[in-house]
Trainee: 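Here it is, the structure, as structure tokens.
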There are 2 protein chains.
Amino acid sequence: MTPEDISHTLEKDILGGTLAPGSVLPQGALAARFGVSRIPVRDALARLASAGLVELAPNRRARVVQMTRDEVIEAYDLRLLLETDLFARALKRMTPQDLDRIDYALARSDLEARNANWAEGDALFHAALYAPAQRSRQQAMIDGLRRACRVQIASYAILPEDTDRWLADHAALRDLCRAGQTTAAAERLRAHLTGARDTLLSHLT
Amino acid sequence: MTPEDISHTLEKDILGGTLAPGSVLPQGALAARFGVSRIPVRDALARLASAGLVELAPNRRARVVQMTRDEVIEAYDLRLLLETDLFARALKRMTPQDLDRIDYALARSDLEARNANWAEGDALFHAALYAPAQRSRQQAMIDGLRRACRVQIASYAILPEDTDRWLADHAALRDLCRAGQTTAAAERLRAHLTGARDTLLSHLT
DNA sequence: GGGTGTAAAAGTGTATACAGATATACAGAA
DNA sequence: TTCTGTATATCTGTATACACTTTTACACCC
């Protein structure tokens with residue numbers, strides 16, 4: 001059990017909803033759970049903190065982040081800004097191979113969605129969508145925001161109709177990429193994200 | 001000497017040019033320097049890594065980040081995207097008090113610039129410029145990018161003419177804010193950033 | 001009941017020690 | 001000289017121990 005393993009496992013717990021926003025994460029308990037001392041646990045918590053999944057304060061126990069309504073709005077605004085920009089860059093450089101990879105990612109995400117593992121597939125599809133842009137830093141920022149948003153979503157049961165809409169959006173995005181309709185594709189992505197934001201916000205109050 | 005103190009001190013060294021990009025940072029040496037054990041040093045290095053100032057790899061010594069040309073371009077593209085957006089949001093909500101604070105920051109940055117501490121003043125001025133938007137996450141992202149860029153700049157001697165152009169840009173931005181000329185202000189910010197990028201790129205090869 | 005002070009319990013931060021991995025220096029071969 | 005293999009020195013990762021801080025629980029007073 002390395003710190004990386006520990007942080008990955010905890011990330012799954014957080015994003016899977018086992019650890020709800022606001023939960024406390026005592027180092028000692030985690031150390032016992034993973035069969036290590038507190039040192040690698042501290043390391044793992046530091047990783048999660050820099051990924052934006054937990055909050056650390058001196059002499060305080062770590063907590064799973066809990067975003068306010070305004071913070072959720074800001075996060076989605078940032079995703080809109082960064083993802084539409086990255087998508088536009090990707091579209092300009094998209095090769096037939098990239099399109100095939102997007103097809104593959106779409107098929108996989110479709111599979112995962114029925115397997116109660118929708119978010120994994122979502123991240124995979126969008127990663128494939130943006131990969132042609134070859135912008136690792138921007139991609140990393142987007143991943144961070146995506147994870148932060150997902151922590152908030154994880155505590156709610158996702159409705160099947162949401163999943164359907166979401167899969168339809170992905171399929172539409174794929175089609176628009178293939179057809180080379182860049183402005184329509186960008187618009188669809190924008191709608192996809194604002195839709196996701198609004199369903200999350202409707203659950204928050 | 002807390003981990004936070006240590007990371008701040010190291011950050012100053014890195015951004016001040018004492019620790020050039022690529023320098024190694026052995027935990028033991030730092031522990032001796034700061035009079036603590038290696039544990040808080042590891043903590044400080046983790047902070048710097050999450051701020052994007054050093055690179056950490058398992059069982060390897062920490063290194064000050066060294067960006068490639070493409071990474072510099074990507075970083076400035078991201079700053080352009082995030083800073084122009086944040087500036088536009090700030091302009092919409094700018095009050096007379098905010099304008100006074102910007103005046104104050106401009107005066108201070110003018111002072112710091114003559115004191116060989118230009119970057120501190122630069123960060124201060126831009127923070128004042130964006131503060132009315134009240135977007136902590138976006139501001140944090142921008143700060144991270146700004147620091148990452150500055151690490152690369154730190155190793156070069158800044159020409160006085162650059163500082164002059166840079167101060168003139170700031171003054172112009174302030175004036176455009178006061179005059180309420182939002183589109184011209186946004187355009188000036190864009191020029192300010194692309195100018196900074198190009199001088200950095202000209203030094204890189 | 002509701003607030004307040006205090007002591008025990010639980011938790012965090014860090015020094016020390018040691019095992020394992022990496023980097024360095026140097027001798028010998030091409 | 002330049003490359004390669006190897007022994008040594010250095011460095012990192014983590015368990016343990018202990019001091020200090022925060023949290024919790026409970027008795028007390030209003």
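Per chain, numbering begins at 1; letters A, B, ... match sequence-line order. Small disclaimer: the values here were computed from a predicted structure and weren't measured.
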Trainee: Using distance alone, with no hydrogens and no angle criterion, decide if B:Asp85 and B:Gln138 have a side-chain donor and acceptor under 3.5 Å apart.
Mentor: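 Yes.
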Trainee: Just how far, in rounded Å, is P of D:dT23 from CZ of A:Arg63?
Mentor: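 In whole Å, D:dT23 P and A:Arg63 CZ are 8 Å from each other.
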Trainee: Between A:His170 and A:Asp122, is any side-chain donor less than 3.5 angstrom from a side-chain acceptor?
Mentor: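 A:His170 vs A:Asp122: donor-acceptor pair found between side chains.
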Trainee: How long is the line joining CD of A:Glu4 and P of D:dG13, in whole Å?
Mentor: 12 Å
Trainee: So does B:Arg89 pair up with A:Asp77, basic N to acidic O under 4.0 Å?
Mentor: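 Counted as a salt bridge, because a side-chain N and a carboxylate O are separated by less than 4.0 Å.
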Trainee: Go through DNA chain C in 5' to 3' direction and return only the first and the last nucleotide with some atom under 4.0 Å of chain A's heavy atoms.
Mentor: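 Under 4.0 Å from chain A, the extent on DNA chain C is C:dG11 to C:dT14.
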Trainee: Go through D:dT22, D:dT24, D:dC11 for me and flag the one nearest to the A:Arg61 side chain.
Mentor: D:dT24
Trainee: Near DNA chain C, which residues from residues 31-59 of chain A have a heavy atom under 4.0 Å away?
Mentor: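 Nucleic-acid contacts, sorted: A:Arg38, A:Arg42, A:Pro58, A:Asn59.
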Trainee: Measuring only between side-chain heavy atoms, which start at C-beta, is A:Leu99 closer than 4.5 Å to A:Asp103?
Mentor: no
Trainee: Do B:Ile6 and B:Leu10 have side-chain heavy atoms sitting under 4.5 Å apart?
Mentor: yes
Trainee: When you check the gap from the basic side-chain N to the acidic O, do B:Asp175 and B:Arg178 get nearer than 4.0 Å?
Mentor: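 Judged by the 4.0 Å cut-off on N to carboxylate O distance, B:Asp175 and B:Arg178 do not form a salt bridge.
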Trainee: Is the shortest side-chain heavy-atom distance between B:Glu11 and B:Arg147 below 4.5 Å?
Mentor: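 The answer is yes; the side chains approach within 4.5 Å.
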Trainee: Under the side chain to side chain contact (heavy atoms under 4.5 Å, CB included) test against A:Val64, which residue among A:Leu53, A:Val24, A:Ile14 passes?
Mentor: A:Ile14
